[in-house]
Amino acid sequence: MGFTLSNQQQQLSKIATGNGHGENSPYFEGWKAFDSNPYHPTKNPHGVIQMGLAENQLSFDLIQEWVLNHPEASICTAEGAKEFKDIANFQDYHGLPEFRNAVANFMGNVRGNRVTFDPDRIVMSGGATGAHEMLAFCLADPGEAFLMPVPYYPAFDRDLRWRTGVQLLPVACESFNNFKITRAALEDAYEKAQKANIRVKGLLITNPSNPLGTVLDRETLKSLVTFINEKNIHLVCDEIYAATVFTQPSFISIAEILEEEEVECNRELIHIVYSLSKDMGFPGFRVGIVYSYNDAVVNCARKMSSFGLVSTQTQRLIASMLSDNEFVDRFIAESARRLKARHAKFTVGLEEEGTTCLKSSGGLFVWMDLHKHLKEPTFEAEMALWRIIIHEVKLNVSPGSSFHCPEPGWFRVCFANMDDQTMEVALERIRNFVLQDKEAAVVAMKKKKRCWQSSKNLSLSFNRRSRFDEVMMSPHSPIPQSPLVRAT
Amino acid sequence: MLSKKASCDSHGQDSSYFLGWEEYEKNPYHQVHNPNGIIQMGLAENQLSFDLVESWLAANPDAAGLKRNGESVFRELALFQDYHGLPAFKKVLVEMMAKMRGNKVKLEANNLVLTAGATSANETLMFCLADPGEAILLPTPYYPGFDRDLKWRTGAEIVPIQCTSSNGFKITPSALQDAYERARKFNLKVKGVLITNPSNPLGTTMTLLELNHIIDFVIEKDIHIISDEIYSGTAFDSPSFVSILEALMQRNLENTQVWNRVHIVYSLSKDLGLPGFRVGMIYSNNPAVVSAATKMSSFGLISSQTQYLLSQMLSDKKFTRKYMTENKKRLLKRKEMFVSGLKSAGITCLESNAGLFCWVDMRHLLRSNTFEAEMELWEKVVCDVGLNISPGSSCHCTEPGWFRMCFANMSEETLRVAMQRIKVKLVDGNQSRSTTAVVKSARLQIQTKWVLQLASYNRGPDR
């Protein structure tokens with residue numbers, strides 16, 4: 001076109017020309033490998049199996065059945081068409097009242113009806129992605145910070161920082177106590193921020209955790225509430241995986257903690273992010289929710305939701321589906337049952353070969369411990385192992401470093417985005433890899449007689465990991481590979 | 001405790017534009033249940049052609065029921081969250097957009113970015129083009145929502161290009177230069193010009209001359225053009241709509257630098273009357289902008305359910321052709337009805353050929369040539385006459401006395417009632433100052449809110 005790159009960069013914003021979107025990372029090598037060689041049971045049995053995508057695909061049949069039996073829920077069927085005009089025309093950012101009522105009802109159901117939610121506090125957003133950005137805009141000014149326990153979902157770096165100018169500061173968690181969030185670690189992170197003259201505005205937790213799949217116990221939740229109250233900072237709880245908890249310990253929502261008598265808390269500091277992308281398996285419908293106990297935040301977020309409202313066509317369908325209590329109860333129970341079965345099959349299969357995962361009770365993934373397979377306890381070795389897993393074992397999994405994990409050797413492996421048969425194939429590949437690696441390790445040991453350092457002492461500081469600062473994940477592959485993409 | 005963005009009012013919803021909504025919400029007109037209620041004329045919606053869409057749905061149960069060849073695509077749709085968007089959808093959108101530009105421009109699906117409504121498209125473009133504190137020039141009067149969409153979270157500034165009734169509010173080279181100079185005086189770096197073509201609130205399409213002035217200006221200043229063409233399908237009368245892209249092509253500027261600095265915003269909210277579905281888009285020939293905007297669209301993707309339905313509908317070329325033609329016919333008829341109704345009440349409008357509204361000249365009804373008088377008149381229209389209309393000041397018009405009145409968001413009968421009220425209560429009743437106690441108190445409330453700007457209005461704003 002005849003103009004220089006610097007000329008173009010001058011003409012666009014810093015946000016547009018920088019790397020804050022996080023997609024220029026080696027992380028996408030896995031996606032590219034999958035996309036150029038996707039597994040198919042018959043057409044491409046040696047292709048790469050996608051295990052980097054935290055999707056819930058186990059219970060669609062239940063939903064499809066419901067949709068077929070309820071044509072009136074769609075505004076496009078003969079039964080529902082009379083609503084078309086009003087629905088297509090409705091752009092009020094409060095959302096359809098029946099939608100808010102149904103979502104509030106569903107959120108209560110998912111928490112065993114131990115708490116209720118006020119539909120008037122429900123604010124729509126463009127998925128949980130939009131919800132997090134929106135809350136960051138509401139709660140913090142550029143340069144201010146949120147504390148975030150590690151490991152955490154890679155895309156938070158984009159969602160909370162990119163266009164908002166807000167910073168994320170890690171709260172150290174370690175494997176020796178199962179990555180528990182301790183008061184000491186919180187205080188430490190807070191003090192570090194103070195010393196660096198960074199104003200902390202809030203703490204963000206994901207419960208159930210991504211990537212750990214664990215839930216926070218009551219004591220931890222209470223200590224978080226105490227901490228944020230003392231510091232007078234916000235607490236944002238991402239509960240997007242709430243209904244994926246399939247066994248004990250069960251999920252405890254922050255909403256329940258607020259109802260406890262002995263808990264003293266300024267409720268105006270508490271905000272919940274939710275979505276239907278994981279619990280229901282509807283990431284394509286972009287149903288994100290901000291639920292805040294703070295009126296000013298509800299008002300502000302509602303205005304901001306103009307930038308990412310949920311399509312009323314979708315609001316209508318969801319309203320209908322989620323207010324069918326009988327269906328909701330049945331779905332939540334059955335979905336959890338299937339996740340449990342899938343999780344058990346997967347982890348038992350892994351354990352047979354001596355591969356362990358962090359003990360978890362929820363999520364759509366396991367946090368797999370492969371440190372034994374690292375050539376050395378470094379992140380470089382983790383990346384090397386990861387490349388082997390992608391290119392030789394042919395599985396796209398997510399390396400712990402992309403989640404800011406302080407210790408090398410952990411990998412997030414998704415198990416709910418495939419059918420049983422594919423899972424068997426994936427297990428088989430892992431088994432073979434583990435076996436081969438053991439044999440190779442024995443040979444190498446004999447050759448080099450090398451000592452094995454404990455990986456416990458190697459938690460890298462945030463600064464030293466600057467190479468991986470920008471390792472973030474778009475919630476979806478930048479390379480389209482859905483069957484819908486191929487069908488034009 | 002909260003951010004500055006949350007605590008300030010640059011979301012712009014304390015403006016009078018939105019205060020009128022509240023009055024309407026409290027007392028909405030209904031032909032049967034509330035015939036004395038306030039008629040909504042502040043809502044730029046197109047409700048004239050839904051029947052055409054409804055009959056398409058009835059005739060195409062498969063697409064409507066999320067099926068392809070009888071097989072349910074529900075699952076694939078529910079999982080589809082790729083920010084590149086459904087290819088089938090983008091394909092039909094660029095085809096439709098090209099058709100609306102007389103097929104004089106060729107558009108590539110890869111240059112299209114899908115967003116949650118034009119609201120999100122405009123904000124996203126600002127994030128891509130301007131750093132906080134940098135500025136964009138906008139001709140006045142302009143859509144009040146731009147204050148929120150372009151400035152609120154981006155931190156960008158709007159500097160107005162003052163247009164006046166002396167030449168039908170057209171953009172002149174001197175007005176462009178003045179705006180640029182004013183920005184410079186305030187130490188604001190100007191990154192571009194944003195035009196709405198066809199114009200909201202004027203209802204006019206831009207002339208080729210105006211477009212060329214703007215092109216010359218942005219070439220000289222080395223800045224961007226954002227052309228919000230959301231009303232392009234509502235150009236119901238001559239002169240025909242000319243897109244900025246067409247103007248550039250006519251001057252053989254396709255392979256020059258300025259081609260990469262032109263970005264179009266579009267949406268299905270006005271032409272197809274589907275604001276609830278949140279279908280917006282950015283079209284840009286600049287790969288860096290497309291790339292950045294695509295990533296940003298993660299914050300506001302279009303529901304795959306909606307993408308699928310509309311990709312099916314819009315790929316039915318027979319339907320889209322019929323819809324576009326019929327829709328324009330109905331808009332023209334409705335506008336003519338409205339204009340002649342106003343004329344019989346001695347009220348004129350700016351001559352318009354597009355949009356869902358008229359830019360009405362009520363300067364002769366002002367007590368004085370001031371914005372205070374305009375607000376007084378506006379309150380009277382809302383509370384006494386019973387019509388929610390948009391005062392020109394909310395659109396940053398430089399001259400008091402102009403009002404935007406929408407005509408396509410109601411039935412013909414309701415419009416007749418509205419015109420009758422204008423004739424009887426506004427014009428004929430102009431001498432009368434008496435008001436009921438209820439109306440008085442409502443007026444006092446409006447004034448209080450307008451003066452103190454305390455209200456945070458609880459209603460989804462729209463165009």
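Keep in mind that the numbers below use all heavy atoms, side chains included, and drop hydrogens, waters and symmetry copies. Everything numeric here is computed off the predicted structure, so don't read it as measured data. Chain naming here is simple, since letters A, B, ... match the order of the sequence lines and numbering starts at 1 in each.
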Open item on the list: For the interface with chain B, which of A/Ala140, A/Gly127, A/Ala128 has the highest count of heavy-atom pairs at distances below 4.5 Å?
Closed with: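 The option with the most such pairs is A/Ala140.
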Task: Contact winner vs chain B - A/Leu276, A/Asp141, A/Asn232, heavy-atom pairs under 4.5 Å - done: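 That would be A/Asp141.
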Task: Summary of salt bridge (charged side-chain N to carboxylate O under 4.0 Å, His left out) pairs that have at least one residue in residues 57-69 of chain A, sequence neighbours excluded - done: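 For residues 57-69 of chain A, and leaving out neighbouring residues, the salt bridge (charged side-chain N to carboxylate O under 4.0 Å, His left out) pairs sorted by first residue read A/Asp61-A/Arg338.
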Should [X] and [Y] count as side-chain neighbours, where that means a heavy-atom distance under 4.5 Å?
| X | Y | value |
| --- | --- | --- |
| B/Lys295 | A/Arg158 | no |
| B/Leu2 | A/His234 | yes |
| A/Phe60 | B/Glu76 | no |
| A/Asn89 | B/Pro275 | yes |
| A/Asp159 | B/Phe299 | yes |
| A/Leu12 | B/His224 | yes |

Check whether [X] gets within reach of chain A through its side chain, its backbone, both or neither, counting any heavy atom under 4.5 Å.
| X | result |
| --- | --- |
| B/Val279 | neither |
| B/Ile223 | neither |
| B/Gln47 | both |

Task: Polar side chain donor-acceptor pair, A/Ser311 to B/Ser303, under 3.5 angstrom - done: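 Note: A/Ser311 and B/Ser303 side chains miss the donor-acceptor criterion.
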Please report the interatomic distance [atom1]([X]) to [atom2]([Y]), rounded to the nearest 0.5 Å.
| X | Y | atom1 | atom2 | answer |
| --- | --- | --- | --- | --- |
| B/Leu77 | A/Phe282 | CG | CZ | 11.0 Å |
| B/Leu79 | A/Glu55 | CG | CD | 4.5 Å |
| B/Leu274 | A/Ile87 | CG | CD1 | 12.5 Å |
| B/Glu134 | A/Ser13 | CD | OG | 8.0 Å |
| A/Arg316 | B/Gln305 | CZ | CD | 11.0 Å |

Can you tell me which portion of [X] sits under 4.5 Å from chain B's heavy atoms? Options are side chain, backbone, both or neither.
| X | value |
| --- | --- |
| A/Met304 | both |
| A/Val287 | neither |
| A/Ile63 | side chain |

Top contributor to chain A interface from [options] [non-hydrogen pairs under 4.5 Å]:
| options | value |
| --- | --- |
| B/Ala6, B/Gly300, B/Ala293 | B/Ala6 |
| B/Gly276, B/Ser311, B/Gly192 | B/Gly276 |
| B/Lys90, B/Met1, B/Arg261 | B/Met1 |
| B/Arg278, B/Arg153, B/Met296 | B/Arg153 |

- [ ] Please work out whether the ring planes of A/Phe285 and B/Phe74 are parallel, tilted or perpendicular, with thresholds of 30° and 60°.
- [x]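 Because their plane-to-plane angle is over 60°, the rings of A/Phe285 and B/Phe74 count as perpendicular.
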Open item on the list: Parallel, tilted or perpendicular, judged at 30° and 60°: which one describes the rings of B/Phe50 and A/Phe84?
Closed with: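 Judged by the thresholds at 30° and 60°, the geometry between B/Phe50 and A/Phe84 is perpendicular.
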TODO: Could you walk me through whether B/Asp149 and A/Phe307 pass the side-chain contact (heavy atoms from CB on, under 4.5 Å) test, one step at a time?
DONE: CA-CA 8 Å; B/Asp149 300 349; A/Phe307 299 110; 3.8 Å; yes
TODO: Examine distances only and state if a side-chain atom of B/Ser120 and a backbone atom of A/Gly308 form a donor-acceptor pair shorter than 3.5 Å.
DONE: no
Task: Closest contact, heavy atoms only, A/Lys201 versus B/Ser3 - done: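 Where A/Lys201 meets B/Ser3 most closely, the heavy atoms are NZ-N, 4.4 Å.
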- [ ] Search all heavy atoms of B/Ser298 against all heavy atoms of A/Arg286 and return the closest pair with its distance.
- [x] O-NH2, 4.0 Å
Task: Verdict with supporting geometry, B/Met126 and A/Ile15, side-chain contact (heavy atoms from CB on, under 4.5 Å) - done: CA-CA 10 Å; B/Met126 284 310 293; A/Ile15 288 176; over 6 Å; no
